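Structure record follows, encoded as structure tokens.
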Amino acid sequence: MITMKDFIAEVDPRLREASQEVTFPLNDEEKTLIEEMRTFLINSQTPEIAEEYGLRAGVGVAAPQLGINKQIFAVYLTELDEDGEVVDVIIDEIFINPKITRHSVKQAALPEGEGCLSVRRAVPGLVPRPRRVTLTYQDPEGDEYEVKLRDYEAIVVQHELDHLKGILFYDHINDENPWQADDNTVVL
Ligand code: N9Y
Ligand code: NI
């Protein structure tokens, strides 16, 4: 079971490496990894389990965060009602060898900035990213998909894709003016 101790430290150089493309069929190690990554996200978003194991809730996890430099990330994104009950699963997917093939010039940023399970401190500031992206990827069977995403969903996959390139969210923060949105950026 993946817990926070499996996340490598922010200073670990593996977080700054470009990850390798994955070949198909997946080996047993890779199959286990993706299963565990998805289970981690679900556990982390289940308050009783998260509390028991000390998990920080995450919507995404990328293999390099676990010290594995392969082009794999998992996203588990749900919609909650007022009581915090899951009403809908928006994205439950493993993304392998993902590539952004198109992106808007318009950018979007989360009003609170971003965090990262690999960064155990708050780094304040807007993280502007293309508001709309077209992403191609493979699933664990090797089947190819193309999806168009925008706003929060686009931000999540771009945060994860960055991990596969060795980029961390604060690399995008304007250090002179962290909360300044330019004319091209909508704060969601
Ligand atoms: C996990 C990150 C990924 C997100 C950060 C911004 C966009 C993607 C993550 C740190 C603390 C909060 C947490 C989060 C959450 C949100 C909604 C519902 C449930 C992957 N990461 N977080 N960042 N949690 N949980 O570093 O999920 O947003 O690379
Ligand atoms: Ni992250």
Side-chain angles (χ1 to χ4, degrees), residues 2-12 14-19 33-34 36-51 53-96 98 100 107-133 135 137 149-173 178 185-188:
I2 295 174
T3 62
M4 301 323 291
K5 65 169 173 19
D6 296 301
F7 283 74
I8 62 175
E10 187 184 342
V11 296
D12 193 307
R14 288 173 291 179
L15 269 182
R16 292 306 197 167
E17 273 176 36
S19 288
L33 173 69
I34 60 177
E36 292 220 332
M37 288 168 73
R38 177 172 178 271
T39 302
F40 166 77
L41 294 177
I42 297 172
N43 287 344
S44 81
Q45 294 181 37
T46 308
E48 308 78 59
I49 303 178
E51 185 170 359
Y53 295 99
L55 309 178
R56 266 176 95 188
V59 280
V61 59
Q65 297 184 276
L66 307 167
I68 299 159
N69 287 106
K70 292 186 182 183
Q71 292 178 23
I72 304 173
F73 67 77
V75 174
Y76 192 83
L77 180 61
T78 63
E79 190 188 315
L80 305 177
D81 65 17
E82 307 88 65
D83 310 320
E85 296 296 326
V86 177
V87 279
D88 212 357
V89 179
I90 314 286
I91 305 181
D92 174 9
E93 190 67 291
I94 303 291
F95 296 84
I96 302 175
I100 288 177
Q107 303 201 103
L110 299 176
E112 321 272 87
E114 291 185 18
C116 180
L117 298 181
S118 302
V119 180
R120 287 170 236 246
R121 63 198 165 94
V123 184
L126 294 179
V127 180
R129 303 180 181 277
R131 186 172 186 186
R132 292 170 179 269
V133 296
L135 186 81
Y137 66 96
L149 300 170
R150 63 171 140 92
D151 295 341
Y152 184 59
E153 294 169 34
I155 289 172
V156 173
V157 301
Q158 289 177 90
H159 176 112
E160 301 312 326
L161 193 52
D162 270 357
H163 279 303
L164 308 186
K165 299 175 180 165
I167 298 168
L168 294 173
F169 72 95
Y170 53 73
D171 298 344
H172 300 289
I173 297 176
T185 304
V186 47
V187 179
L188 297 176

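Atoms within a ligand are numbered from 1 in the order they appear, just like the ligands themselves. Treat the numbers as computed from the prediction; the structure is a model and nothing was measured.
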Plane angle bin for Y137 and F95 - parallel if under 30°, tilted between 30 and 60°, otherwise perpendicular: tilted
Of S118, G113, A57, which has the heavy atom at the shortest distance from atom 24 (N) of ligand 1?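 Minimum heavy-atom distance to atom 24 (N) of ligand 1 goes to A57.
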Only pairs at least two apart or in different chains count here, so list each salt bridge (charged side-chain N to carboxylate O under 4.0 Å, His left out) that has a residue in residues 110-130.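 As it turns out, the salt bridge (charged side-chain N to carboxylate O under 4.0 Å, His left out) pairs with a partner in residues 110-130, which skip direct neighbours, are E10-R121, E114-R129, R129-D162.
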For ligand 1, which is the ligand I care about here, please tell me if [X] has any N or O atom under 3.5 Å from one of the ligand's N or O atoms.
X    : answer
H163 : yes
A62  : no
L110 : no
H159 : yes
Q45  : no

Check: [X] side chain, [Y] main-chain N or O, donor-acceptor pair, under 3.5 Å:
X    : Y    : answer
S118 : Q65  : no
R131 : A154 : no
E153 : I90  : no
T39  : E36  : no
Q71  : S19  : yes
D12  : R14  : yes
E79  : V89  : no
R132 : R150 : no

Just to confirm my output: which protein heavy-atom neighbour is closest to [atom], and how far is it?
atom                    : value
atom 26 (O) of ligand 1 : L117 N, 2.8 Å
atom 5 (C) of ligand 1  : G115 O, 3.4 Å
atom 18 (C) of ligand 1 : V59 CG1, 3.5 Å

Measuring from Y152:OH to I91:CD1, what's the distance to the nearest 0.5 Å?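 The OH atom of Y152 sits 9.5 Å away from the CD1 atom of I91.
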Using a strict 4.0 Å cut-off to heavy atoms of [X], name the atoms of ligand 1 that fall inside it.
X    : answer
Y152 : 16 (C), 17 (C)
E160 : 3 (C), 20 (C), 21 (N), 29 (O)
R56  : 10 (C), 11 (C)
G60  : 1 (C), 20 (C), 21 (N)
Q65  : 20 (C), 21 (N), 26 (O), 29 (O)
C116 : 10 (C), 23 (N), 26 (O)

Evaluate whether atom OH of Y53 has more than 12 neighbouring non-hydrogen atoms of other residues, nucleotides or ligands under 6.0 angstrom away.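 Result for OH/Y53: open.
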Can you count the protein N, O or S atoms that lie less than 2.8 Å from the Ni ion (ligand 2)?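 Those protein atoms number 3 in total.
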Check Y76 against ligand 1 and report side chain, backbone, both or neither, counting heavy atoms closer than 4.0 Å. neither
Given F73 and V157, is the side chain to side chain contact (heavy atoms under 4.5 Å, CB included) satisfied, shown in steps? CA-CA 9 Å; F73 67 77; V157 301; 4.2 Å; yes
Contact check, side chains of V123 and L168, non-hydrogen atoms, under 4.5 Å: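 Result no, sub-4.5 Å side-chain heavy-atom pair not found.
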